[in-house]
Amino acid sequence: MLDFLGTRQRTNTCGELRAADAGKTVTLMGWVNRRRDHGNLIFLDLRDRYGITQIVLDKEISPEGHPKAEHVRPEYVVAAIGKVRLRGADVINPKMPTGEIEVAATELLVLNDSKVPPFSPAEDAIQNEEVRLKYRYLDLRRPEMQHNLEIRHKVALAVREYLSAQGFYEIETPYLTRSTPEGARDYLVPSRVHPGTFYALPQSPQLFKQILMISGLDKYFQIVRCFRDEDLRADRQPEFTQIDLEMTFPQQETVFRVVEGFLKAAFEVCGEPIVTPFPRMTYDEAIRRYGIDKPDLRLPPMTEVRDVFSAEELASLKIEPGLPIVAIVIPNKTAMSNTQKKAFAQEINAAVAPDLAYLDVERLGSAAQFSALAQRIDAAAAKNCGLARVEPENRLIVVSPRIGATAPARDHLWIYKKAGQLRLDLARRFEGEHKAFEKKGAGDDYKFLWVTDFPFFEWDEETKTWTFAHHPFTSPHESDLIAGRMESDPEAVRALAYDIVLNGLELGSGSIRIHRQDVQQQIFRALGMSEEEAQARFGFFLEALQYGTPPHGGIALGLDRIAMVLAGASSLREVTAFPKTAKAIDLMTDAPTEVSDAQLKELHIRPAVRS
RNA sequence: GGGGACGUAGUUCAGUUGGUUAGAAUGCUGCCCUGUCACGGCAGAGGUCGCGGGUUCGAGCCCCGUCGUCCCCGCCA
């Protein structure tokens, strides 16, 4: 039998009562976390978002409440009315914040019962993520998940407060908008009123925020949902939340200072002080030193070691002399057995084949003819990594191009990228040994980095054309425009585009935009896009550009990813209340689903395939 | 689109070379217990081994297919 709530009100949460509250009469409400039945004495651990408090049902104190407690089960919702009581010295529970007291109930109301849950919110996360997602409401009862959502809330709030104080307005942009089919696939929404036409859910509010700058709103931000119909990853959900901002008359550094400001504020409220400004690195340097455009600075960089090889050494090791040779150090790694080394060598060679090979410096050093070379490589790598020396048992790998290898057309950084992949593979494999990815709590856990000067164009092997590396409204460096490189040397044109990177994770991406119609037309021409095509796709925006567009720029950062890092999680699902699976299914609601024929008819849609 | 890992009780897992009735812990149900806090004690229930097909005298185990979850590559202006 369930009890009615009546006019009862909660007086305290389950996390706040302390020894100083002893003697107070309180009403607590919450979920039964655990029940311990000692016959005439029953303990209930009552849980809510704030914590857990022990309720005692003593047959002598509460002859009516006690029999009710006998039938209470985990996840029942109850109200306990009684007196806060100090626990005896021998029964204080030092593991609980409320462990010095308990509530001696005089009355117990069973407000609701519960089916036996498939897993207990009182325990740590179960392995079976399918079950967690299907019963997400139970999973979210776990303190860990509640804490993660708290982090997310705090970050969003800190960002809002900071940006508002800096003069930014939060302005909403439409979710039902126009499809601009470039880049990611759009989620489409059919129009009922206009048969055969579709809205698209925004991949980002890009054009709207630029138009807000044209409108003179000066500083805009929005914590906004974005949608991309692409395959998922641990750090990619089909709908995700961005901290999106745009400002008028900025230099790159102006944007950097704003972002550094709100990140400092957000990390601060989560108890993780960080140091600003963050280091800057050009794209070119990032690739040469880390082989990737989102370097993880928690591990040492790679070293270009071609200079330490003599011509004879290159020849006898069958290394192509005209190309870079890259050394990778993984510190604090223990030695491997010969069998492990052999298997490892095969694996690595498969990873870098066919144009590249790798040299194990440890092995190189044991051959008399190359021991001096090995020492020179060690020394060069140690110097570059800021180490006193490279320990011999640390895996030091040199990726080298085989004789006859040639760089692919228009990608002279290819060897660095390949080596960079290998560096990350190694880092992941020896994670347990180098421990560089573990939180140390010494204020050194968060390695932020600005990556700047991305190439403006990217060669598309499929279509054999230059395509934009970002979006087509990103401004090139003015000096590259003035020098005429747009026509003479597209590969050398740099974009005023920048990424903010944290521990090897891309947190966000932005740019200074094009504000001049003539430059915009030049870009479209360089991309081989006709005037008509540009008009058809972005006409409304190109029109707006002609009415006094000020120089402007901005950035967007993934709120989910920031929360993920702060929560120490390795998947966005841990910081998203209702996430989707790798196949973009919501296991709780079963979305997406088929819809009725009547609905389809109204939308003028006939599916070609039914599942 | 491609590669990899996994799928056995509600949950976490074990299951030998293919061999009798598929086990443990926990959870669940009932009874007992006045100081537990992962309470304890006794008893009990709980399985289409993801699904379909094949090989075999015999399949949780081997083979093929399929579905699902996770990770990675492609993709993500």
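Keep in mind that this is a model prediction, so the values were computed, not measured. Naming convention: chains lettered A, B, ... in sequence-line order (proteins, then strands); numbering from 1 in each chain.
- Of the nucleotides present, C32(B) is the one that pairs with G40(B) by Watson-Crick or G-U wobble criteria, both distances under 3.5 Å.
- Straight-line distance from the NZ atom of Lys417(A) to the P atom of C73(B): 15 Å, rounded to whole Å.
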Once base and sugar-phosphate atoms are separated, protein heavy atoms under 4.0 Å mark nucleotides 34-46 of chain B, 5' to 3', with B, S and - as BBBBSB-------
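- Look at the C1' atom in both A9(B) and G15(B): the space between them is 14 Å, to the nearest Å.
- Counting to the nearest Å, the C1' atom of U29(B) and the NE2 atom of His71(A) are 12 Å from each other.
- Rounded to a whole Å, the CZ atom of Arg236(A) is 13 Å from the C1' atom of C71(B).
- Taking atom CD on Glu75(A) and atom C1' on G27(B), their separation rounds to 13 Å, with Å as the unit.
- Base pairing analysis places A24(B) opposite U12(B); the two distances defining the Watson-Crick or G-U wobble pair are each below 3.5 Å.
- Here the side chains of Asn503(A) and Phe437(A) are not in contact, with every heavy-atom distance at 4.5 Å or above.
- Atom-to-atom distance recorded for Gln520(A):CD and Arg525(A):CZ is 11.0 Å, nearest 0.5 angstrom.
- Taking 4.0 angstrom as the limit, Arg73(A) places a side-chain polar atom (N or O) nearer than this to OP1 or OP2 of U29(B).
- Among residue pairs with one or both ends in residues 124-133 of chain A, those qualifying as salt bridge (Lys or Arg N to Asp or Glu O under 4.0 Å) are Glu129(A)-Arg573(A), Arg132(A)-Asp139(A), Arg132(A)-Glu574(A); sequence neighbours excluded.
- Under the Watson-Crick or G-U wobble criterion, with both distances below 3.5 Å, C6(B) is paired with G68(B).
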Q.
Assess the residue pair Tyr175(A) and Tyr199(A) against the criterion (ring pair (Phe, Tyr, Trp, His ring centres under 6.0 Å)); give the C-alpha distance rounded to whole Å, side-chain angles, the decisive distance to 0.1 Å, and a yes or no.
A. CA-CA 9 Å; Tyr175(A) 279 178; Tyr199(A) 301 98; over 10 Å; no
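- Comparing U21(B) with G58(B), their P atoms are spaced 15 Å from each other, to the whole Å.
- For the pair Asp229(A)/Asp186(A), no side-chain contact is recorded, criterion being any heavy-atom separation below 4.5 Å from C-beta on.
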query = Step by step, would you call His477(A) with Asp453(A) a side chain to side chain donor-acceptor pair (under 3.5 Å)?
reply = CA-CA 8 Å; His477(A) 275 251; Asp453(A) 300 313; 2.5 Å; yes
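- By the 30° and 60° cut-offs, the orientation of the rings of Tyr283(A) relative to Phe454(A) is tilted.
- Looking at residues two or more places apart in sequence or on another chain, you find a side-chain contact (heavy atoms from CB on, under 4.5 Å) between Arg233(A) and Asp235(A), Arg236(A).
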- Task: Evaluate side chain to side chain donor-acceptor pair (under 3.5 Å) for Gln252(A) paired with Thr452(A), printing each intermediate quantity in order.
- Result: CA-CA 9 Å; Gln252(A) 269 192 169; Thr452(A) 62; 5.2 Å; no
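- Residues passing the salt bridge (charged side-chain N to carboxylate O under 4.0 Å, His left out) test with Arg516(A) are Asp518(A), sequence neighbours excluded.
- Pair assignment for G19(B) gives C57(B), based on Watson-Crick or G-U wobble hydrogen-bonding distances that are each under 3.5 Å.
- To the nearest whole angstrom, the two C1' atoms, one in U66(B) and one in A24(B), are 32 Å apart.
- Put simply, CG on Asp139(A) is 15 Å from C1' on G10(B), counting in whole angstrom units.
- One can place CD of Glu70(A) at 11 Å from C1' of C32(B), the figure rounded to the nearest angstrom.
- For Ser62(A), the side-chain contact (heavy atoms from CB on, under 4.5 Å) partners are Leu57(A), not counting sequence neighbours.
- Residue Pro74(A) is classed as a sugar-phosphate contact, given heavy-atom separations below 4.0 Å to backbone atoms only.
- Annotation: G44(B) and U8(B) have their C1' atoms spaced 22 Å apart (nearest Å).
- In this entry the distance linking CG of Leu138(A) with P of U11(B) reads 13 Å, nearest Å.
- Taking the six-membered ring for Trp and thresholds of 30 and 60 degrees, Tyr135(A) and Tyr137(A) have ring planes more than 60 degrees apart, a perpendicular arrangement.
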What are the atom names and distances for every N/O pair under 3.5 Å that joins the protein to nucleotides 1-9 of chain B?
from  : atom 1 : to        : atom 2 : distance (Å)
G1(B) : O6     : Asp231(A) : OD2    : 3.4

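- Under the salt bridge (Lys or Arg N to Asp or Glu O under 4.0 Å) criterion, the residue pairs touching residues 580-592 of chain A are Glu239(A)-Lys580(A), with sequence neighbours excluded.
- Going from the C1' atom of A22(B) to that of A59(B) covers 13 Å, rounded to whole Å.
- Rounded to whole Å, the C1' atom of U16(B) lies 49 Å from the corresponding atom of U34(B).
- If you take atom P in G46(B) and the same atom in U36(B), they sit 35 Å apart, rounded to whole Å.
- Put simply, NZ on Lys134(A) is 12 Å from C1' on G10(B), counting in whole angstrom units.
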Please tabulate the protein-to-nucleotide N/O contacts below 3.5 Å involving nucleotides 68-70 of chain B, giving atom names and distances.
from   : atom 1 : to        : atom 2 : distance (Å)
G68(B) : O2'    : Glu130(A) : OE2    : 2.6
U69(B) : OP1    : Thr581(A) : OG1    : 3.2
U69(B) : O4'    : Glu130(A) : OE1    : 3.2
C70(B) : OP1    : Ala582(A) : N      : 3.3
C70(B) : OP2    : Ala582(A) : N      : 2.8
C70(B) : O3'    : Arg573(A) : NH2    : 3.1

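- Across all strands shown, G47(B) remains unpaired; no Watson-Crick or G-U wobble contact has both distances below 3.5 Å.
- For residues 63-74 of chain A, the pairs satisfying salt bridge (Lys or Arg N to Asp or Glu O under 4.0 Å) are Asp3(A)-Lys68(A), with sequence neighbours left out.
- Less than 4.0 Å separates RNA chain B from no heavy atom of any residue of residues 553-564 of chain A.
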Report the C-alpha distance between Tyr498(A) and Ile512(A) in whole Å, list the side-chain angles of each, state the deciding distance to 0.1 Å, and finish with yes or no for side-chain contact (heavy atoms from CB on, under 4.5 Å). CA-CA 9 Å; Tyr498(A) 33 82; Ile512(A) 302 299; 4.1 Å; yes
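- When the nearest nucleotides of RNA chain B are assigned to Thr467(A) and Leu232(A) by heavy-atom distance, the more 5′-ward of the two goes with Leu232(A).
- Within a heavy-atom distance below 4.0 Å of RNA chain B, no residue of residues 12-19 of chain A is found.
- With sequence neighbours left out, the ring pair (Phe, Tyr, Trp, His ring centres under 6.0 Å) criterion links Tyr50(A) to no other residue.
- Using a 4.5 Å heavy-atom cutoff, the side chains of Val103(A) and Gln54(A) are not in contact.
- A distance of about 25 Å separates the P atoms of C70(B) and C63(B), rounded to the whole Å.
- No side-chain heavy atom of Phe208(A) sits under 4.5 Å from any side-chain heavy atom of Pro202(A).
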